[in-house]
Asker: 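Before anything else, here's the structure in question.
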There are 2 protein chains.
Amino acid sequence: MLTDTLDLEARAHSEHAQELRLWLRLLTCSQLIEKRVRGGLREQFDTTLPRFDLMAQLERHPEGLKMKELSHRLMVTGGNVTGITDQLVAEGLVERMAVEGDRRAFLVRLTPAGRSAFEHMATQHEQWIVEAFDGLSPRDLDSLHKLLGKVKQHQLDINQRIVTEAE
Amino acid sequence: MLTDTLDLEARAHSEHAQELRLWLRLLTCSQLIEKRVRGGLREQFDTTLPRFDLMAQLERHPEGLKMKELSHRLMVTGGNVTGITDQLVAEGLVERMAVEGDRRAFLVRLTPAGRSAFEHMATQHEQWIVEAFDGLSPRDLDSLHKLLGKVKQHQLDINQRIVTEAE
DNA sequence: TATTGTTATACTCTATAACTATA
DNA sequence: TATAGTTATAGAGTATAACAATA
C-alpha cells in the first residue's frame, strides 16, 4: 500500500491550483511522517501520539501544568485531557498535585518513572524525525522552517481574528 | 482556545533540535489548517474530510475508480472505503458500477448530484486554502512546494525501502 | 456567576481479521 | 490459491453537554 501512487494531490484543479497543490502536499507530508511516528510509538512503546505529546509538554514544564493549560497547549478539549491523564496516572507516569490557593485545580507533572520513560521514547522519536528529513540539506531545513513559520503565524492571525469577531 | 500559546513546538530539545522543531512546526501548520477545513466541511456541508477526499478522487476520474484503487489513493484500508462509499451511495452522491470481465469488482463514480455537490464544496474549500496561504508571496508558495516535494519523495523512498525489506 | 475539572455520551476514523464471491 | 470487496469488531481520538466543587 505504501508504495502506490499517492494521489491526494489530484484534488488541485482550479485557478488557485498553486495553493491547493501546496496544501495537499503539506497534508501528505505530515500524514506520512505522522503514520510512521504513531506506528512506532504503538509498536515499540505501546503508546499513542496524544499521550506522547502530553508527556512532552510536562517534560518541558517540570513544575507541572494545570489541566486547562494542557488542554490549550494540546489543542483538545478538557475531557480528553482528563482521559489521557487518568491513563498515565494509572501507569505511574504522571501525577496530579494540589495547587495552593485554588482547590479546583491540579498541577500535573511527570513522575521520575514518567520522566525516564519519556526520555527513552524521545530518543527513538528523534531518530524517526531525523530520518524523515534526511534528504534535506541544513539550508533546506532552515528555509522550510522559516516558510512554515510564516504559514503558522498567518493561521494564528486568522484564528485571532475569528475569536475577536466572535466577542 | 485558538489564541493561546501553541506550544507543541516545545518538544524540541536535543542535538537534533532543527529537525524536531521543523517537524513540530509542520505538524502544527497542518493541524491548524486541517481543523479549519474539517470544521467548515462539517458546519457548511455536514460532511467530513475523508468523504470529501473520496469524492475529490472520483471527480478527477470520471470513468470511476475501483474500491481497491480508492483504498490505495486515500491511504486507508479497504473496510473504511466500503463504509464511506456506502454512506455516499445512500445519499445518492456516488454509485457502484459493474466492471466488465471481473464480477468481483466495482467502479465507483460520482452521480450527477454528487458531481454538483462536490463542485459546490470544492469552491468553498478553495477559499479556505487560499486564505490559509494568503500571507505568502507566490515565490514563497513555490519554494515551500518544492521543499515539501523533497520531503514527500524522501518519505516515499523510505516506505519503498521498508516494503522491499519486508519482502 | 464564572471557572476548573470530571463524567457520560456519541460519533468519526482507522486497522485487523474472518468471510464471501470470483478469478 | 489469490484477489476484490464486505462484515464485524475494537480502539483511538475527538467534541459536546451536563455536572460538582470551588472561586
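In what follows, chains are A, B, ... by sequence order, proteins preceding strands, each numbered from 1.
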Asker: In whole angstrom, give the distance that lies between atom CD of B/Glu34 and atom P of C/dC13.
Answerer: 11 Å
Asker: In whole angstroms, how far is the P atom of C/dC13 from the CZ atom of A/Arg38?
Answerer: 14 Å
Asker: Could you measure the distance from the NZ atom of A/Lys150 to the NZ atom of A/Lys152? Nearest 0.5 Å is fine.
Answerer: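 One finds 16.0 Å between NZ of A/Lys150 and NZ of A/Lys152.
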Asker: Judged by each residue's nearest nucleotide on DNA chain D, which is more toward the 5′ side, A/Pro50 or B/Arg42?
Answerer: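 Closer to the 5' end of DNA chain D: A/Pro50.
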Asker: Should A/Lys35 be listed as having a side-chain N or O under 4.0 Å from OP1 or OP2 of C/dA15?
Answerer: yes
Asker: Atom NZ of A/Lys66 and atom P of C/dG5: how far apart are they, to the nearest Å?
Answerer: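 Atom NZ in A/Lys66 sits about 6 Å away from atom P in C/dG5.
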Asker: In whole Å, I'd like the distance from the CG atom of A/Asn80 to the C1' atom of C/dT12.
Answerer: 13 Å
Asker: Using heavy atoms and a sub-4.0 Å distance, could you list which residues of residues 98-108 of chain B are near DNA chain D? By number, please.
Answerer: B/Arg104, B/Ala105, B/Phe106
Asker: Taking the six-membered ring for Trp and the full ring for Phe, Tyr or His, determine whether the centres of A/His154 and B/Phe133 are under 6.0 Å apart.
Answerer: no
Asker: Verify the contact: side-chain N or O of A/Thr77 to OP1 or OP2 of D/dA15, cut-off strictly under 4.0 Å; return yes or no.
Answerer: yes
Asker: Closest-nucleotide mapping onto DNA chain D: is B/Gly79 or A/Arg51 further toward the 5' terminus? I mean the 5' end.
Answerer: B/Gly79
Asker: Is the shortest side-chain heavy-atom distance between B/Ile158 and A/Leu32 below 4.5 Å?
Answerer: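 The answer is no; the side chains never approach within 4.5 Å.
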Asker: Within the structure provided, determine whether B/Arg21 and B/Arg25 are in side-chain contact (heavy-atom separation under 4.5 Å).
Answerer: no
Asker: Whole angstrom is fine here: how far is it from NZ in B/Lys68 over to C1' in C/dT22?
Answerer: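 That distance rounds to 14 Å.
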Asker: Check whether the side chains of A/Thr77 and A/Asn80 place a donor and an acceptor atom closer than 3.5 Å, and report yes or no.
Answerer: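 Yes - a donor-acceptor pair under 3.5 Å links their side chains.
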Asker: Using whole Å, what does the distance between atom P of nucleotide C/dT6 and atom CG of A/Asp86 come to?
Answerer: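 To the nearest whole Å, that distance equals 7 Å.
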Asker: Given the side-chain rings of A/Phe118 and A/Phe52, with only the six-membered ring counted for Trp, is the space between their centroids under 6.0 Å?
Answerer: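 Yes, the ring centres sit under 6.0 Å apart.
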Asker: Taking only residues at least two apart or on different chains, which pairs with a member in residues 109-125 of chain A satisfy salt bridge (charged side-chain N to carboxylate O under 4.0 Å, His left out)?
Answerer: A/Glu95-A/Arg109
Asker: What is the distance, to the nearest angstrom, from the CD atom on B/Gln87 to the P atom on D/dT7?
Answerer: 13 Å
Asker: Side-chain N or O of A/Ser71 less than 4.0 angstrom from OP1 or OP2 on C/dG5?
Answerer: no
Asker: Quick one: is A/Arg96 getting a side-chain N or O under 4.0 Å of the C/dT6 phosphate, OP1 or OP2?
Answerer: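 For A/Arg96, the contact criterion (side-chain N or O under 4.0 Å from OP1 or OP2 of C/dT6) is met.
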Asker: Counting only side-chain nitrogens and oxygens, does A/Thr82 get under 4.0 Å of the OP1 or OP2 atom of C/dT7?
Answerer: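 So the side chain of A/Thr82 is outside the cut-off, no N or O lying under 4.0 Å from OP1 or OP2 of C/dT7.
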Asker: In whole angstrom, give the distance that lies between atom CG of A/Leu49 and atom C1' of C/dT14.
Answerer: 15 Å
